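Computed from a prediction, not measured in an experiment: that's the story for all the values here. Note that ligands are numbered from 1 as they come in the structure, with each ligand's atoms numbered from 1 the same way.
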Amino acid sequence: MLTKHPSISGSPGATVAIIGAGAAGLIAARTLHGAGLSVTLIDKSRGLGGRLATRRVETLAFDHGCPSVAVSDPADLDLMAELAAAGSTSVQPDGVYLGCPGMSSLLKPLAEGLELLRGVRIAQVRRKHEVWYLRSDESDAPELGPFDWLLVAAPAPQAADLLADYTEVSAQIAQARMAPRWTLMVVPDGDLEQASDRIWFEDEVLDFAVRNDIKPGRSGPESWVVHARQDWSTANLEIGPDTARDRLLAGFRAYVPQGHPRYVAAHRWRFAEVVSPLGVDCVPDPDLRLAAGGDWCLGPHVTDALASGRAMAAQVLAFYEPALG
Ligand SMILES: Cc1cc2nc3c(=O)[nH]c(=O)nc-3n(C[C@H](O)[C@H](O)[C@H](O)COP(=O)(O)OP(=O)(O)OC[C@H]3O[C@@H](n4cnc5c(N)ncnc54)[C@H](O)[C@@H]3O)c2cc1C
């Protein structure tokens, strides 16, 4: 347990609101909860994991966001070992980690014991009398709070918007650059007879495709997630899911001949991957008891999000000291 740092007035138990239950928010929440703070983790989505996502359609499951995680940092290796013991990941022969049964499951054990608010989109944050209050986009919902600390673990443009009133922090966040990506989920009509579970394209539209039905714990018909190129996705951000689906499917069928698919849908990740990170592990403002972070601080990978989440938690813990005995 922790005691309150002498410089903080008020009640001895610190409360923390974390907006965003992706890798950064989850590891921050787990770290702070483990240290004895009272954490409320809020996400606009009903699921956990953010871009570690799995779309389920009846018996089908598509990892339509991040397809796998590569890990080398000792802290991340320890985390993966813990998650493997909990049954939410398995390491593959090529050394990458997959979520079991889907990528959205990978980090789920981190949420155990946390107060979770899912399906709640925070539209406004405000600091009043030295504490934070949060308002969702549902006009009749009560304000959330008060919280001693606020951590914002949303993609950079969304974090900058939420914190627009805190101009120094939001201006710094807004310097990070993120790119979109369209992805296509396909169940072909019959097996494609591809030797590999990953296809790389030399193409203006398509980047790569990952086979999904042969991931651990999966079954059912052959299924693929096809990733469009970032530059094409940027240029075609607003074409709509039906047009994107048709364009990506036409490209995929040109490379991998097939009949009409049994299932096909496109998903747009507006903020898929970091193209220009800030180069700092998080954006803190200790005077405001505020920190923002996510992959966009350090780089384009899940491990960057985890490092940033740990850094945000460290900002909070710096205000507290371990109780003796
Ligand atoms: C298609 C694709 C392929 C990828 N490939 C790889 C790869 O091969 N390897 C790799 O390491 N990484 C890959 N990534 C990137 C990886 O997924 C991210 O780096 C990582 O998941 C980011 O975690 P995060 O916690 O920073 O953000 P996120 O996962 O985006 O989490 C942010 C959360 O904040 C929530 N949120 C935002 N605004 C609000 C609000 N106002 N109120 C409430 N909640 C809110 C969102 O719903 C979301 O759950 C890929 C990503 C995509 C999309």
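Residue Ser45 has no N or O atom closer than 3.5 Å to an N or O atom of ligand 1. Every N/O-N/O distance between Gly65 and ligand 1 stays at or above 3.5 Å. Residue Ile122 has at least one N or O atom closer than 3.5 Å to an N or O atom of ligand 1. In terms of polar-atom proximity, His227 is not counted as a contact of ligand 1, lacking any N or O under 3.5 Å from an N or O of the ligand. Residue contacts with ligand 1: Ala24 is placed with a nitrogen or oxygen under 3.5 Å of a nitrogen or oxygen of the ligand (distance criterion only). Checking only distances, Trp269 never comes within under 3.5 Å of ligand 1, N or O to N or O. Close N/O approach between Asp43 and ligand 1 is found [any backbone or side-chain N/O within under 3.5 Å].
A salt bridge links Arg121 with Asp137: the closest approach of a Lys/Arg side-chain nitrogen to an acidic carboxylate oxygen falls below 4.0 angstrom. A salt bridge links Arg211 to Asp213: at least one charged side-chain nitrogen sits closer than 4.0 Å to a carboxylate oxygen. Under the 4.0 Å criterion applied to side-chain N and carboxylate O atoms, Arg127 and Asp285 are not assigned as salt-bridge partners. Electrostatic pairing of Arg218 and Asp63 counts as a salt bridge here, judged by a charged N lying under 4.0 Å from a carboxylate O.
Aromatic ring pairs are classed by plane angle as parallel below 30°, tilted from 30° to 60° and perpendicular above 60°; the pair Phe208 and Trp200 is tilted.
The residue from Arg121, Arg51, Arg118, Arg46 that puts a heavy atom closest to atom 22 (C) of ligand 1 is Arg51. Selection from Cys66, Gly299, Ala153 by nearest heavy atom to atom 10 (C) of ligand 1 gives Cys66.
Shown here for Arg51 and Pro155, the closest heavy-atom pair between the two residues is NH2-CG, 4.1 Å. Heavy atoms only, all atoms of each residue included: Tyr255 and Glu202 are closest at OH-O, 2.7 Å. Nearest heavy atom pair, residue Leu52 against residue Ala23, reads CD1-CB, 4.4 Å. Residues Trp132 and Arg289 approach most closely at NE1-O, 3.2 Å, considering heavy atoms. When all heavy atoms are compared, the tightest approach of Leu298 to Ser308 is CD1-N, 4.2 Å.
To the nearest 0.5 Å, the span separating CD1 on Ile19 from CG on Leu151 amounts to 9.0 Å. Once rounded to the nearest 0.5 Å, the distance linking CG of Asp304 with SG of Cys297 reads 9.5 Å.
Looking only at heavy atoms of the protein, atom 44 (N) of ligand 1 is closest to Lys44 N, 3.1 Å. Ranking the protein heavy atoms by distance from atom 18 (C) of ligand 1 puts Asp295 OD2, 3.3 Å first. Atom 31 (O) of ligand 1 has Gly22 CA, 3.4 Å as its closest protein atom, hydrogens excluded (heavy atom only). In this structure, the protein non-hydrogen atom closest to atom 5 (N) of ligand 1 is Pro67 CD, 3.4 Å. For atom 34 (O) of ligand 1, the nearest protein heavy atom (residue, atom name, distance) is Gly20 CA, 3.2 Å.
Only the backbone of Val120 comes within contact range of ligand 1, with a heavy atom under 4.0 Å; no side-chain atom does. If you look at Ala123 next to ligand 1, there are no close heavy atoms at all, none under 4.0 Å. Contact annotation: for Ser68 versus ligand 1, heavy atoms closer than 4.0 Å belong to the backbone alone. Contacts with ligand 1 closer than 4.0 Å are made by side-chain heavy atoms of Gln158 only, the backbone lying farther away. Within the 4.0 Å heavy-atom criterion, the part of Pro300 lying near ligand 1 is the backbone and not the side chain. Looking at Val302 against ligand 1, both its backbone and its side chain come within 4.0 Å, counting heavy atoms.
Surrounding CD of Glu238 are more than 12 heavy atoms belonging to other residues, nucleotides or ligands, all under 6.0 Å away.
For ligand 1, the atoms closer than 4.0 angstrom to any heavy atom of Ile19 are 40 (C), 42 (N), 43 (C), 44 (N). Near Ala272, meaning under 4.0 Å from one of its heavy atoms, ligand 1 places the atoms 51 (C), 52 (C), 53 (C). If you number the atoms of ligand 1 from 1 as listed, the ones under 4.0 Å from a heavy atom of Ala154 come out as 34 (O), 37 (C), 38 (N). Here is the list of ligand 1 atoms found below 4.0 Å of a heavy atom in Gly50: 29 (O), 31 (O), 48 (C), 49 (O). Residue Ala305 approaches ligand 1 through these ligand atoms, each under 4.0 Å from one of its heavy atoms: 22 (C), 23 (O), 24 (P), 26 (O). Within the listing of ligand 1, atoms 26 (O) sit less than 4.0 angstrom from a heavy atom of Gly294.
In this structure, the side-chain hydrogen bond (donor to acceptor under 3.5 Å, both in side chains) partners of Asp231, at least two apart in sequence or on a different chain, are Arg229.
In this structure, Gly49 counts as a contact residue of ligand 1, since one of its heavy atoms falls inside 4.0 Å of the ligand. Under a 4.0 angstrom heavy-atom cut-off, Val69 registers as lying outside contact with ligand 1.
Annotation: Trp182 is not in aromatic contact with His227 [ring centroid separation under 6.0 Å not met].
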For residues 80-87, tabulate all N or O donor-acceptor pairs below 3.5 Å that involve a side-chain atom, not counting sequence neighbours.
residue : atom : partner : partner atom : Å
Glu82   : OE1  : Arg30   : NH2          : 3.3
Glu82   : OE2  : Arg30   : NH1          : 2.7
Glu82   : OE2  : Arg30   : NH2          : 3.4

